[in-house]
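Input: a single structure, listed below in structure tokens.
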Number of protein chains: 2
Amino acid sequence: MEDKRITKRLNLKGVAEKLGVSTATVSNAFNRPDQLSKNLREKILSEASRLGYHGPNLAARSLRRGRSDVIGVMLSDSLTYSFSDPMANQMLQGISEVLMEYNKQLLLFYEGKDNTAQSSAESLPDGFIFYGSSNLETFKRIVALGKPCVTIDYVQDKIPSVGIDDRSAAKKIAMHAISQVNHGTVAILGMKLVVSDRVCRLTQDDLDEKSVEISRQRLLGYFDAVTENDLTIPPESIWSVPFNTEKYAKIAAKEAFSSSLHPNIILCMSDVIALAAISTAQSMGLNVPKDVIIVGFDDISEAKHASPSLTTVCQQNAQKGKVAAKMLLENNLTNCILETKLVVRQSSSPTN
Amino acid sequence: MEDKRITKRLNLKGVAEKLGVSTATVSNAFNRPDQLSKNLREKILSEASRLGYHGPNLAARSLRRGRSDVIGVMLSDSLTYSFSDPMANQMLQGISEVLMEYNKQLLLFYEGKDNTAQSSAESLPDGFIFYGSSNLETFKRIVALGKPCVTIDYVQDKIPSVGIDDRSAAKKIAMHAISQVNHGTVAILGMKLVVSDRVCRLTQDDLDEKSVEISRQRLLGYFDAVTENDLTIPPESIWSVPFNTEKYAKIAAKEAFSSSLHPNIILCMSDVIALAAISTAQSMGLNVPKDVIIVGFDDISEAKHASPSLTTVCQQNAQKGKVAAKMLLENNLTNCILETKLVVRQSSSPTN
DNA sequence: ACAAAAAACTTAAATGATTCAGTAAAAATT
DNA sequence: AATTTTTACTGAATCATTTAAGTTTTTTGT
């Protein structure tokens, strides 16, 4: 029962004692100005500050109040990876803008590959935002806490989500790409189409495999466009990239270009992949867009500056975060589908 | 005294009662496996999980323990802005890698322009990392909490910091740039050289103004190189960019190129500024590097892919975060200066 | 078989703040 | 002046957990 702390931390009670008032009054000075006289309040605040007491302790406060004014953000892949992902950054930017406005704090959670270990910290936030496909176990555990949750780019029954219509956006850009050439031979570079840590060329069976939902939707959208143009995409012309990074995308792109397929249209499920594909094509002596059209998805900032600049689907990432945070804080939990826009640039314009 | 919660949250006590054991035993099951028999521990954990109890509440735990296993990161500019800053991202990536390893959580704090409001959440973290020049009031308040603190790219007396030798790195790249042309006319685009929200062309008085320390150091480094080459830089050839964004950098670059100065060397204090300067130069009909050499600082990922690719100083941002986090967690609080490397690319090679 | 040691478990104080209910004093109303 | 209302403040229960110290049970050693 002994206290290991060397110097006892100054607390509200200490301040109250110094001033000869009750703890309730000091607490009210910080939280409910209408509960005490203006004079006393000012005296308390200035004395507290002089003593080095900078306001109530969050742990104690949130224990008693049952809320913390902290919002938890669960990043699907390891945080490590997410911070280098331009999409996640923009989304976090949106969230933080809103949190700042509401004077809330942001607690980040990350899932490692096999790390679904629960952290005591999960009990702190008043609500959660999930970004991207979370580990289902973690997701369920947190939802079971009964706090408001919103997902971004991740659809789960009964949980409000913010996202885009991936299927129709994918169809839109595929339609455009196909319209740019006479005889299209399409290859697809997709994200996490199969469960694997390596780049995979798909087989028939893989089409039924459980993949990340947004990738599945985009794939369906591509198929819609292909079908409508009387083309076909055999599974062998689809590659699954395990992580949205340049490194893996280049491996996949190289395979695609060296294969007997000789594609002249590459549909990429992200800009990171598309940019890597462009650079791979160029290093293999192919001209983009004359020899091969390459399109992306996301419209990250590099897309505009690349050469050739990248045709892609613009989605409002920051807006996603904003909307999700607002939904949570205003307790307005209804699904939201944001608009997307086809952005045509050089990488799909062979005739110029 | 009444409980406003609708359904009382399941707690450790509840689990203990269901199992007919003491709360201490349940607590030990979660925290100190050696304090109870293996059988009972397994029984407790499985029953707890079955009941939907997912481990101790952070608020209560950290109140009692006096620590939270949460690390606070204070971002100098608003978080909003930091998330779009590639430098901050890499740094956060480094921090998070280490925190993940140590199973700690990350609580983000942000300072708005005039928002130095203290948040109750400041009392939670076991330690703080400051990134970049913080508001001094906030900084002092948090340091006064007596918890371990580390700064990154921000030097304050008695507080251990992680950074680079800005002055010598700046000198190094300036020496290189100057050596590439016969008669150098230098302009400098720097960050926050004066206190202002607008782009400013400096005057003599401004040189003594309080600017951000790392900018001041870089400026001194540029001066070192200029002096050593028997050149001069009047204050009128220096522009201060208020935020490290493309928008403001372009304004400054445009001013620099339209001025009667006609610089053929632009020393930029960040890659974001340098890339904006390149694009501005090109839109004004100037060839980089033939008409004007432009160099940056930081080596962000776009630097390599730009055309022309950007000569810059590579600094290990992720490493900064890693080192800072390790210092904090291993309680090894000593200053650390990381190495930098001059990366010569096309933007400073007029002869190729 | 008995004492000593080790293991297993419990009791209860402590952590720092919030807030309901109550009291006393001051102000307003009749 | 008496009564009511309002304001200003206090007392004490409560939030969920940890952990030192104490108690009981089991194991070990001789």
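Atom CD of B:Q35 is separated from atom C1' of C:dA6 by 12 Å (rounded to the nearest Å). As rounded to whole Å, 15 Å separates atom P of D:dA8 from atom NZ of A:K43. As rounded to whole Å, 19 Å separates atom P of C:dT15 from atom CG of B:L58. In this structure, A:K38 places its NZ atom 21 Å from P of C:dA26, rounding to the nearest Å. B:E17 places its CD atom 14 Å from the C1' atom of C:dT10, with the value rounded to the nearest Å. Remark: C1' of D:dG11 and CG of A:L12 are 15 Å apart, rounded to the nearest angstrom. Residue A:N39 contributes atom CG, which lies 19 Å from atom P of C:dA25 at whole-angstrom precision. Note: CZ (B:R32) to P (D:dA21) measures 12 Å, nearest angstrom.
A:V26 comes within contact range of no nucleotide atom at all, as no heavy-atom separation falls under 4.0 Å. Note on B:T25: a base of the nucleic acid sits closer than 4.0 angstrom, heavy atoms only. Backbone-only contact: A:Y53 has heavy atoms under 4.0 Å from sugar-phosphate atoms and none from a base.
Regarding contacts with the backbone of C:dC9, a side-chain N or O of B:S37 is found under 4.0 angstrom from either OP1 or OP2. The side chain of A:N11 contributes an N or O atom lying less than 4.0 Å from OP1 or OP2 of C:dG16. One finds no side-chain N or O of B:S22 lying less than 4.0 angstrom from the OP1 or OP2 phosphate oxygen of C:dT11. For B:N28, no side-chain nitrogen or oxygen approaches OP1 or OP2 of D:dT19 to under 4.0 Å.
The one candidate from B:F109, B:Y154, B:F128 that meets the ring-ring contact (aromatic ring centres under 6.0 Å, His included) condition with B:F139 is B:Y154. When each of B:K320, B:K322, B:K104 is checked for a salt bridge (Lys or Arg N to Asp or Glu O under 4.0 Å) with B:E97, only B:K322 meets the rule. Between A:V70 and the options A:L99, A:L106, A:L107, a side chain to side chain contact (heavy atoms under 4.5 Å, CB included) holds for only A:L107.
Out of C:dC9, D:dC9, C:dA17, the shortest distance to the side chain of A:L36 is found at D:dC9. When distances are taken from the side chain of A:L63 to each of C:dT19, C:dT15, D:dC15, the shortest belongs to D:dC15. Closest contact between the side chain of A:A24 and the listed nucleotides D:dT10, C:dG16, C:dT18 involves D:dT10.
Pairing each heavy atom of B:N57 with each of A:S120, the nearest pair is C-OG, 4.1 Å.
Within a 6.0 Å sphere centred on NZ of A:K147, other residues, nucleotides and ligands contribute more than 12 heavy atoms.
Take the nearest nucleotide of DNA chain D for A:D34 and for B:K13: the residue whose nucleotide is more 5' is A:D34. DNA chain D is contacted by both A:L40 and A:T23; A:L40 maps to the nucleotide lying nearer its 5′ end (nearest heavy atom per residue).
The structure places CE of B:M87 at 3.5 Å from CG of B:N317, a figure rounded to the nearest 0.5 Å.
Side chain B:R64 to base D:dT18: a donor-acceptor pair is found below 3.5 Å.
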